[in-house]
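Everything below concerns the one structure shown next.
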2 protein chains.
Amino acid sequence: MYKLNPLLHQELRLRIISFLATVERADFNKLLEISSATKGNLSVQISKLQEAGYVEVTKTFKGKYPHTKCMITEKGKKELTEYVSRLKKMLNI
Amino acid sequence: MYKLNPLLHQELRLRIISFLATVERADFNKLLEISSATKGNLSVQISKLQEAGYVEVTKTFKGKYPHTKCMITEKGKKELTEYVSRLKKMLNI
DNA sequence: TAAACTAGTTTATAAAATAAACCAAATTAT
DNA sequence: ATAATTTGGTTTATTTTATAAACTAGTTTA
C-alpha cells in the first residue's frame, strides 16, 4: 500500500506543479492567475516546493520591480509522475 | 477554475470512498486492512464521510461483537465522479 | 507629497489530521 | 474465579498544515 506524497497531495501545490509540468517556466503572477490563490498562500506553497527541490525559483528584476520565475525540476517531474501513478491506481483510473 | 472537494481530497477518505465505490459494502476491519490506517483515524474519517452523506454506516452485532458496515451513497458516487473529473483536468490526464 | 499600486514575505490564526488514551464487552489464560 | 488480553470501536488531545491578514520595500500616479 503506497502512500501519496503529502507535499504533492495538496490542492494549491498540485495545481502549481502540474501547471509547471506543462510549460517551460511561469512567473509569480502567472501562477496567481492559474491558481486564483492569494499572494501569501502562493508564496508559502512555492517555497515548500522549492525547499523540497521540486521547483527552481529565480529572482530577478523586470525593470525596477522584482520578478520571480518558477520552473519544475527533474526531481519534481519524477515525483509528480509517481504521485499521478499512485493516485490512478487508488482511483482505478 | 473549479476547486477540488476538500472532503474527498484527503488521502484516507479518498482511499475509503474509492474502495467503497468498487464493492457493495465493507466493514470496519476491511477498511482498516485496505487503508492500513489506525482505528482512531479510520473512525474519525468514516464519520466525516457519513456526516456529509457520502457513506451510509450501519451498526449491528455480529455474534456478540459490534459490527460496523459502510456503503457508498448515490451522493457519494456523484461527488467522487465529479472530484475525479476535476482532478483529471487539473493533472492533464 | 500623499495615496495607491507592484511584488512579494512573514506571522498569526484557524482548521485539519493523527496518535494516544480511553471504553465496554468478550475471550483466554492462570 | 479473576486477571490479562483481545475485539471493535470512540473520544480527546496534540501536532501539523493551510490560509488569511498584516507587513515590507520600493514604485508610480494624482
Side-chain angles (χ1 to χ4, degrees), chain A residues 1-20 25-52 54-71 79 83 87 90, chain B residues 1-20 25-52 54-71 79 83 87 90:
Chain A
M1 230 268 318
Y2 297 106
K3 295 246 314 162
L4 299 177
N5 182 332
L7 200 77
L8 295 185
H9 193 64
Q10 195 267 22
E11 179 160 8
L12 180 50
R13 287 193 298 266
L14 192 55
R15 220 173 265 287
I16 293 167
I17 206 162
S18 60
F19 179 75
L20 289 178
R25 71 195 86 75
D27 62 19
F28 195 90
N29 276 316
K30 184 66 190 177
L31 294 177
L32 263 185
E33 178 198 322
I34 64 108
S35 67
S36 35
T38 61
K39 291 187 294 175
N41 197 8
L42 183 59
S43 177
V44 168
Q45 306 309 335
I46 288 174
S47 295
K48 289 189 182 177
L49 291 170
Q50 181 186 19
E51 278 151 32
Y54 295 0
V55 163
E56 196 191 307
V57 178
T58 316
K59 280 162 196 302
T60 57
F61 279 86
K62 191 180 180 180
K64 290 175 175 176
Y65 287 116
H67 194 237
T68 300
K69 271 182 281 191
C70 300
M71 197 181 198
E79 292 293 340
Y83 169 82
L87 195 66
M90 183 170 145
Chain B
M1 230 268 318
Y2 298 106
K3 295 247 313 161
L4 299 177
N5 182 332
L7 200 77
L8 295 184
H9 193 64
Q10 195 268 20
E11 179 161 9
L12 181 49
R13 288 193 298 266
L14 192 54
R15 221 173 264 284
I16 294 167
I17 205 163
S18 61
F19 178 75
L20 289 178
R25 72 194 85 73
D27 62 19
F28 194 90
N29 276 316
K30 183 66 189 175
L31 294 177
L32 262 187
E33 179 199 322
I34 63 107
S35 68
S36 33
T38 61
K39 290 187 295 176
N41 197 8
L42 184 59
S43 177
V44 168
Q45 306 309 334
I46 287 174
S47 295
K48 289 190 182 178
L49 290 170
Q50 180 186 19
E51 278 151 33
Y54 294 1
V55 164
E56 197 190 307
V57 178
T58 317
K59 280 162 196 301
T60 57
F61 278 87
K62 190 179 180 181
K64 292 174 174 176
Y65 286 117
H67 194 236
T68 300
K69 271 182 279 190
C70 300
M71 195 184 201
E79 292 293 339
Y83 169 82
L87 195 65
M90 185 170 144

For this session: Could you state the atom-to-atom distance from NZ of B/K62 to C1' of C/dT27 in whole Å?
Result: 16 Å
Problem set entry | Check: A/K39 main-chain N/O paired with A/S43 side-chain donor or acceptor under 3.5 Å | no
Exercise. Taking all atoms of both residues into account, what is the closest heavy-atom pair of A/L7 and A/K48, and its distance?
Worked result: CD2-O, 4.1 Å
Problem set entry | Between P of C/dA16 and CG of B/L8, the distance in whole Å | 14 Å
Exercise. Do B/L20 and B/Y54 come within less than 4.5 Å of each other through their side chains, counting heavy atoms only?
Worked result: no
Problem set entry | Protein-nucleotide distance (B/I46, atom CD1; D/dT11, atom C1'), rounded to Å | 15 Å
For this session: Under 4.0 Å between any heavy atoms, over every strand shown, what does A/S47 touch: base, sugar-phosphate, or nothing? Just pick one.
Result: nothing
Exercise. Between A/S18 and B/M90, is there a donor-acceptor pair closer than 3.5 Å when you use the side chain of the first and the backbone of the second?
Worked result: yes
Problem set entry | For atom NZ of B/K30 and atom C1' of D/dG8, their distance in whole Å | 17 Å
For this session: Could you check B/N41 against B/Q45 for side chain to side chain contact (heavy atoms under 4.5 Å, CB included), going step by step and ending with a plain yes or no?
Result: CA-CA 6 Å; B/N41 197 8; B/Q45 306 309 334; 3.1 Å; yes
Exercise. Once you round it to whole Å, what is the distance between P of C/dT9 and OH of A/Y65?
Worked result: 16 Å
Exercise. Starting at NZ of B/K39 and ending at P of D/dT10, how long is that distance when rounded to a whole Å?
Worked result: 10 Å
For this session: Calculate the interatomic distance between B/E51 atom CD and D/dT11 atom P; express it in whole Å.
Result: 10 Å
Problem set entry | A/V44 side chain reached by A/L12 side chain, heavy atoms, under 4.5 Å | no
Seminar exercise, completed: Here the distance between atom C1' of C/dA16 and atom CD of B/E11, to the nearest Å, is 15 Å
Exercise. Has B/N29 got a side-chain N or O lying under 4.0 Å from the OP1 or OP2 atom of D/dT7?
Worked result: no
Exercise. Using a cut-off of less than 4.0 Å, is there contact between a side-chain N or O of A/S43 and OP1 or OP2 of C/dG8?
Worked result: no
Exercise. With sugar-phosphate meaning primed atoms plus P, OP1 and OP2, does A/K59 contact a base, only sugar-phosphate, or nothing at under 4.0 Å between heavy atoms?
Worked result: sugar-phosphate
For this session: Look at the side-chain N and O atoms of B/K64 and state whether any lies under 4.0 Å from the OP1 or OP2 oxygen of D/dT7.
Result: no
Which atoms of nucleotides 16-19 of chain D (N or O only) lie under 3.5 Å from a protein N or O atom, and what are those distances?
unit_1: D/dA18; atom_1: OP1; unit_2: A/R13; atom_2: NH2; d: 3.0
unit_1: D/dA18; atom_1: OP2; unit_2: A/R13; atom_2: NH1; d: 2.8
unit_1: D/dA18; atom_1: OP2; unit_2: A/R13; atom_2: NH2; d: 3.3
unit_1: D/dA18; atom_1: OP2; unit_2: A/K48; atom_2: NZ; d: 3.4
unit_1: D/dT19; atom_1: OP2; unit_2: A/Q10; atom_2: NE2; d: 3.2
unit_1: D/dT19; atom_1: OP2; unit_2: A/N41; atom_2: ND2; d: 3.4

For this session: I would like to know whether A/K30 and A/F19 meet side chain to side chain contact (heavy atoms under 4.5 Å, CB included); could you show each step before the answer?
Result: CA-CA 10 Å; A/K30 184 66 190 177; A/F19 179 75; 3.8 Å; yes
